[in-house]
Structures are given as structure tokens and as C-alpha cells.
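The structure appears below as C-alpha cells.
Reminder, nothing fancy here: chain letters follow the sequence lines and each chain counts from 1.
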There are 2 protein chains.
Amino acid sequence: MNIGNRIAELRDARALTQEQLATTLGISRAALSHYEKNRRQPDFDTLIKLADEFNVSVDYLLGRTKRPEITLDPVVRQFVDDLELSEQEILERFSLKVDGTKLSPEEAKRFIAFVRAERSMETNG
Amino acid sequence: MNIGNRIAELRDARALTQEQLATTLGISRAALSHYEKNRRQPDFDTLIKLADEFNVSVDYLLGRTKRPEITLDPVVRQFVDDLELSEQEILERFSLKVDGTKLSPEEAKRFIAFVRAERSMETNG
DNA sequence: TAGATATGATACATAATGTATCCTTTGCAG
DNA sequence: CTGCAAAGGATACATTATGTATCATATCTA
């Protein structure tokens, strides 16, 4: 997925014409067409205007991420990192809720400490 | 915060010289210097190489976000957003890791009991 | 203080961009 | 059908930005 496709996709989703979006961005329709056809690269200013306009991340526009969210909450990110939950197969199937309620960051931390403590006892005892 | 500052910042944090980073990126040192001084804008290819190299989001490089986190893979995102961690699922296919070691079913069970107990205490106390 | 190292500044050939304009397709009213 | 208009793709070309070599300017340090 490249930037052109993403722009066209987002524009279509809003039922905007190239003319309309171009005007909003302050560029010519021709330029926008070039972007959508991956013949030109918008400058950073226009890139950010696009991201703002569609409320997506630049990473998404560039096809670097599959989802448009800007970033995950850092706490969640940290949580995932700490748990070493990085294997896709696993992650496809699980997220951490207990009895329907998400684990809070504090709970996650305590969880980790808990597991470590238990293991430590197993090892030493 | 503009891209130049971010690049210089990240490069300094790794104690890399412009020469070293430029080589890694496959560009001239002069070009990198221009980027850091905000005299030129790297093309998308270089932009993404930079983000990959430093493991940050392009949004961060562009100064669009304050934190460097990249958007997680959608699978991870889903994992975080929505998962019900039932004991049955845990027993069947749960494989959280802590410190690189998989959680055993017993550990998973204790974990759930642990979370429930804590929540109970919060609710009642 | 000379030499090495790192980085900023500059010039200029080269490459990319922005826009006007033309072309093609599609939908639809008559 | 036919003609028209809207939308978007293609092209040409003047303009602008970029990449790099090279020079200049610190900053260490032996």
C-alpha cells in the first residue's frame, strides 16, 4: 500500500473530488492527482495537512502501518512490551481482559511482578 | 519540533556521526546535514529508513507527535483492544511470556485469580 | 599548535515538482 | 444515439528543490 492509494481511498471515503480536496490543501488538482498516482511526493507540509484532514497518522499515509491510528497509548504499548506479547499468532487470539474488564496498567504491572515472584519462589524453593 | 531536530536528537542519542548514519541510509553526509538543518526534506524512502533505523514513527520524525511510539501492528492493536481472557482459552492456547518464558496454564490460572482478588479488594475496600 | 574529526555552508548540476492544458471515461438529459 | 459536463488521468515545461562535492568552521587532543 502506497501513499497514493491511501489518499485516494480516504478521499473516496469522504466522497470528495480531487478539486475539493486540493482546494482544502491549498494545492492544484493536478498535484493531488500526481500524488494519488504516485508520480510525485507531497512535501511535508502537505503531508501533514493530509494527515490532519483525514485524521490519520503519516505512517498510515505512507503505508508504513495498516491502521490509521496515530499511536497507541504509551501505557498500553509499554504493557505489551513488558509482556513480550509480540508473536502474531498469539496476539491474533488474545487480549488481556479478565471477566470482561481490561487489565489496567497497574494490574498488568502487578501481574508481571506476580509471575516473577512465583517463579522466583519455584526456583529457590 | 521539526524533523531536523528529531533526527539530530536520535542520532546523538546513539552517538552516531553524520557520516555513519548517512552511510546506513545510503545517502551523502551532506544530505543528512541538510535534513538536520531543515534545509532539505528527505524523500519518503529515506524518511521511512530513518523511522525504521530509530524505531520511531514518521509522525514523530515530523514533529507531529511528541512520543516516538509507532503504531502497532493491527493484530497487536486488536489484541489490546478486545480480548476476553477466559480460563478455557488460557488453557487451550494462551501463551503469554514473562521474561521470555511462557506462562504455564497454572500460572495463567493463578494470574486470573490474582487479578480477581485484587479487583475484589478494590471494589469492597 | 598542528592534525584529526565532526559538522555547517555554499555552489551548481541534476532531478523532482507544480501547474496549465489536453485527453479519456463516465453518466445522463434530451 | 448524441452532446454535454464532471471527474480524473497524462503530458509538457518552467520553476523549484535536491544531492553532492567542496570549502569553512569549530572542537579536541597529543
Any N/O donor-acceptor pair, B/H34 side-chain to C/dT7 base, under 3.5 Å = no
Original post:
Between A/E53 and A/R14, does at least one N-O distance fall below 4.0 Å, as a salt bridge requires?
Top reply: yes
Do the side chain of B/N2 and the main chain of B/N5 share a donor and acceptor less than 3.5 angstrom apart? yes
* Asked: When you check the phosphate oxygens OP1 and OP2 of C/dG8, does a side-chain N or O of B/Q18 lie under 4.0 Å from one of them?
  -> yes
Looking only at D/dT22, D/dA10, D/dG19, the nucleotide nearest the B/A30 side chain is D/dT22
| message | Just N and O in the side chain of A/Y35: are any of them under 4.0 Å from OP1 or OP2 of C/dG18? | response | yes
Atom CZ of B/F44 and atom P of C/dA16 are separated, to the nearest Å, by 14 Å
In whole angstroms, the gap separating P of C/dG8 from CZ of B/R40 amounts to 14 Å
Between CD of B/E36 and C1' of C/dG8 the distance, given in whole Å, is 11 Å
Subject >> Distance below 4.0 Å between B/S28 side-chain N/O and D/dG19 OP1 or OP2 >> reply: no
When rounded to whole Å, the CZ to C1' distance for the pair B/R29 and D/dG19 reads 13 Å
Separation of D/dA21 atom P from B/L32 atom CG, nearest Å, is 14 Å
note: B/E19, atom CD; C/dT5, atom P; distance rounded to Å ~ 12 Å
For the pair A/D59 (side chain) and A/R64 (backbone), establish whether a donor and an acceptor sit closer than 3.5 Å, ignoring hydrogens and angles.
no
Checklist entry - Would you say A/L21 and A/F54 make side-chain contact, with heavy atoms under 4.5 Å? => result yes
- Message: When you measure from the side-chain N and O atoms of B/R39 to the phosphate of C/dA9, is any distance below 4.0 Å, counting only OP1 and OP2?
- Response: yes
Per atom distances to the B/Q41 side chain, the nearest of D/dT20, D/dT18, C/dT19 is D/dT18
Using OP1 and OP2 only, check whether a side-chain N or O of B/T17 sits under 4.0 Å from C/dA6. no
Whole-Å distance, A/D43 CG to D/dA17 P, equals 9 Å
Closer than 4.0 angstrom, basic N to acidic O: yes or no for B/R6 and B/E36? no
* Respond yes when some side-chain nitrogen or oxygen of B/R11 is under 4.0 Å from OP1 or OP2 of C/dT7, and no when none is. => yes
Rounded to whole Å, CD1 of B/I27 lies from C1' of D/dG19 at a distance of 9 Å
